[in-house]
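Starting from 1, each residue takes its place in the sequence as its number. Every number for a ligand or one of its atoms is a count from 1 in the order of the listing.
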Amino acid sequence: MTISVQDKQYLNFINGKGVPSSSQEMMESLNPANKKEAVGYVQKSTLEDLNLAIKAAKQAQEKWKRLSGAARGQYLHKAADIMENRLDEIAECATREMGKTLAETKGETARGIAILRYYAGEGMRKMGDVIPSTDAEALMFTSRVPLGVVGVITPWNFPIAIPIWKIAPALVYGNTVIIKPATETAITCAKIIECFEEAEIPAGVVNMITGSGSIIGQAIAEHPEINAITFTGSDRVGKQIGQQAFVRGAKYQLEMGGKNPVIVAADADLDLAVEGTISGAFRSTGQKCTATSRVIVQHEVYEKFKQKLLAKTKEITVGEGLNGETWMGPCASENQLQTVLSYIEKGKSEGATLLYGGRQLTDGEYENGFYVEPTIFENVESHMTISQEEIFGPVIALMKVESIEEALALANDVQYGLSASIFTTNISHMLSFINEMDAGLIRINSESAGVELQAPFGGMKQSSSHSREQGEAAKEFFTAIKTVFIKS
Ligand code: NDP
């Protein structure tokens, strides 16, 4: 392997080799559970480095696209086997870099492996349709071709699964890739790229450039030789990337924020609803785009639900993700912690009632980490900032409603539409929810977070650019359709 070098330093990966940046500068990755621990150092790349990667990816694509899908899939199978052998190491690295518990990062690595295997098989599935022509002597069909060089820009919150669910389909459909991972979790990404290197994927097919979003990320969005961009991250950056890609005619896909509601109907199984709310809101310290952030409860069961929710929230053990006793880790960075704390202050100043938590944890084992308590507000109104903006932290807003109709109206009263959940035993409530809720993921009697790799994933409204990722949907983005008409 050529990416990791001594002293916890990691290189870029360009044209099949580990390469230092022309800047000769590195960026530090800190452990959010202990800011005194540097997890390692990655390259602070320049546009010169990026241009080398683009040249390599462009050249490599000529051969890569001519391989059969099955042959391309073999490299994904190999990378999956290698990753399986390195599961513990990759999971531990991700926990050290972004703080979520080891159980979560192990699960995420296992999911990454399953995604690689799913798309490895995709190389042998159908890539077009025969469409009857009005000319009885002609054959008409569609075929799919790769887009070329794909730029992949990823966030830190799923540092294993998101890079893989973008890279694997891009590759199997014949594209080559340049990934710029989130700076906070660039080392975890380097380890994923090492699995492709160990699988002996041809030089230039996968390239990784680490560096700042505003320099390398922006240059990927603007570069005329990058044919498509797939992005997951904040709306601010996503919208900017979408504009840059649109102007130069590149294909783009944006997965952005969420403000996901859970509705608890009067007829719900309250224990199940509490369990789903806690898991959806506080797992991964609330740093999931599908995390529950608004909990809308029918008045008949509001008090009972609230008491059960409080009791369970009090049981949450906060601590270092590597400790097996920990249920909730720290925020992923100092920046993220400050954002969460500022939203908590905003909630208080706008008149919501702080029911539980709300404080930064700083004593003893928390001294050097970015910890915050799981937090619950009540008396939250829909116009308040904590009810409208994505917090990306362990904070929920409890809201009381009279009816399911009112609950649905409240649930839809945000700019986002990623995921939504209802707890109910009433089939007509379920059907209303499926029909009326503006969200790309509809979850019934299950938490708002939860994505299966074989099903389409993406949001409505301002949560996405309206395309979908994962499962078969990935084919729509990573290929272009040609309609072929043959007449003998
Ligand atoms: P950001 O948008 O800040 O960053 C995402 C990626 O974009 C990073 O690699 C970042 O690089 C890069 N970037 C930053 N600025 C630019 C720029 N000007 N041009 C191009 N690229 C740039 O998001 P976060 O990493 O903070 O992730 C959290 C956000 O992601 C949340 O808002 C969350 O909702 C969203 N998200 C959405 C998901 C979904 O599927 N809908 C899933 C997961 C997260 P760098 O790290 O160097 O700044």
Side-chain angles (χ1 to χ4, degrees), residues 27-29 32 42-45 47 50 97-98 100 108 151-163 165-166 178-189 208-223 226 229-245 250 252-260 284-291 293 331-340 343 389-393 414-419 439-441 448-451 453 456-470 473:
M27 301 183 302
E28 190 177 42
S29 172
V42 295
Q43 304 299 307
K44 186 172 183 183
S45 302
L47 298 184
L50 177 64
E97 272 201 302
M98 66 77 64
K100 69 178 144 186
E108 190 184 336
V152 174
I153 303 177
T154 52
W156 43 261
N157 67 334
F158 282 98
I160 304 156
I162 294 180
W165 86 46
K166 292 177 185 294
I178 297 169
I179 180 164
K180 192 224 90 66
T183 300
E184 268 103 348
T185 51
I187 297 174
T188 304
C189 186
M208 179 191 73
I209 301 283
T210 57
S212 94
S214 56
I215 297 174
I216 302 302
Q218 184 165 332
I220 287 176
E222 289 174 337
H223 203 289
I226 294 188
I229 295 147
T230 172
F231 168 86
T232 298
S234 62
D235 337 350
R236 184 186 61 79
V237 174
K239 284 178 183 161
Q240 201 176 310
I241 289 177
Q243 282 171 1
Q244 287 154 340
Y252 63 91
Q253 173 182 59
L254 315 170
E255 288 304 332
M256 300 174 286
K259 190 71 192 166
N260 313 296
S284 279
T285 321
Q287 301 167 127
K288 294 184 186 178
C289 49
T290 51
S293 60
C331 296
S333 64
E334 167 107 62
N335 210 2
Q336 198 58 35
L337 170 68
Q338 293 310 330
T339 304
V340 173
Y343 274 113
E389 293 185 13
E390 183 179 50
I391 299 175
F392 227 52
V414 287
Q415 60 171 331
Y416 296 108
L418 186 52
S419 175
L441 285 181
S448 66
V451 174
L453 63 98
F457 172 62
M460 293 170 71
K461 297 185 352 193
Q462 303 223 14
S463 288
S464 92
S465 55
H466 310 290
S467 54
R468 293 289 181 266
E469 298 192 274
Q470 304 204 62

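Proximity of W165 to F457: side-chain heavy atoms (C-beta onward) are separated by under 4.5 Å at one or more points. For the pair N157 and I162, the minimum side-chain heavy-atom distance is below 4.5 Å.
The option from N157, T154, I179 that lies nearest to atom 44 (C) of ligand 1, judged by heavy atoms, is N157. Across the listed options I220, I229, V237, V237 owns the non-hydrogen atom lying nearest to atom 22 (C) of ligand 1. Between the choices A219, G217, A182, G233, the shortest heavy-atom distance to atom 29 (C) of ligand 1 belongs to G233.
The closest approach between any non-hydrogen atom of A186 and ligand 1 is not below 4.0 Å. Under a 4.0 Å heavy-atom criterion, G211 is in contact with ligand 1.
Among protein heavy atoms, the minimum distance from atom 42 (C) of ligand 1 is reached at C289 SG, 2.7 Å. When only non-hydrogen protein atoms are considered, atom 13 (N) of ligand 1 lies nearest to G213 CA, 3.4 Å.
Of all the heavy atoms of T290, none lies under 4.0 Å from any atom of ligand 1, so neither backbone nor side chain is involved. Looking at I162 against ligand 1, only its side chain comes within 4.0 Å, counting heavy atoms. Contact annotation: for K288 versus ligand 1, there are no heavy atoms closer than 4.0 Å. Neither the backbone nor the side chain of S464 has a heavy atom within less than 4.0 Å of ligand 1. Counting heavy atoms under 4.0 Å from ligand 1, residue M256 touches it through the backbone alone. Looking at S234 against ligand 1, both its backbone and its side chain come within 4.0 Å, counting heavy atoms.
Note: no N/O pair closer than 3.5 Å links F392 and ligand 1 by distance alone. Between W156 and ligand 1, at least one pair of N/O atoms sits closer than 3.5 Å. For ligand 1, the polar-atom distance check finds no N/O of S212 at less than 3.5 Å from any of the ligand's N/O atoms. Considering backbone and side-chain atoms together, D235 places no N or O closer than 3.5 Å to any N or O of ligand 1. Here's the thing with R236: none of its N/O atoms is less than 3.5 angstrom from an N/O atom of ligand 1.
K461 places no side-chain N or O within donor-acceptor distance of the main-chain N or O of Q415, the cut-off being under 3.5 Å. Under a 3.5 Å cut-off, the side chain of S465 and the backbone N or O of L254 do form a donor-acceptor pair. Without hydrogens or angle criteria, E255 side chain to S464 main chain gives no donor-acceptor distance under 3.5 Å.
Per-residue contacts place F231 under 4.0 angstrom from the following atoms of ligand 1 (heavy atoms of the residue considered): 2 (O), 5 (C), 6 (C), 7 (O). If you number the atoms of ligand 1 from 1 as listed, the ones under 4.0 Å from a heavy atom of T232 come out as 5 (C), 36 (N), 37 (C), 38 (C), 39 (C), 40 (O), 42 (C), 43 (C), 44 (C).
The closest side-chain donor-acceptor pair between T185 and E97, if any, does not fall under 3.5 angstrom. In summary, the side chains of Q43 and T210 do not present any donor paired with an acceptor at a separation below 3.5 Å, with no hydrogens or angles considered. Between the side chains of K100 and Q287, not a single donor N or O lies within less than 3.5 Å of an accepting N or O. Between the side chains of Y416 and N260, not a single donor N or O lies within less than 3.5 Å of an accepting N or O.
At least one cation-pi condition fails for K166 and F231: the charged atom is not both under 6.0 angstrom from the six-membered ring centre and inside a 45 degree cone around its axis.
Within the 4.0 Å cut-off (strictly below), a protein heavy atom is located near atom 32 (O) of ligand 1.
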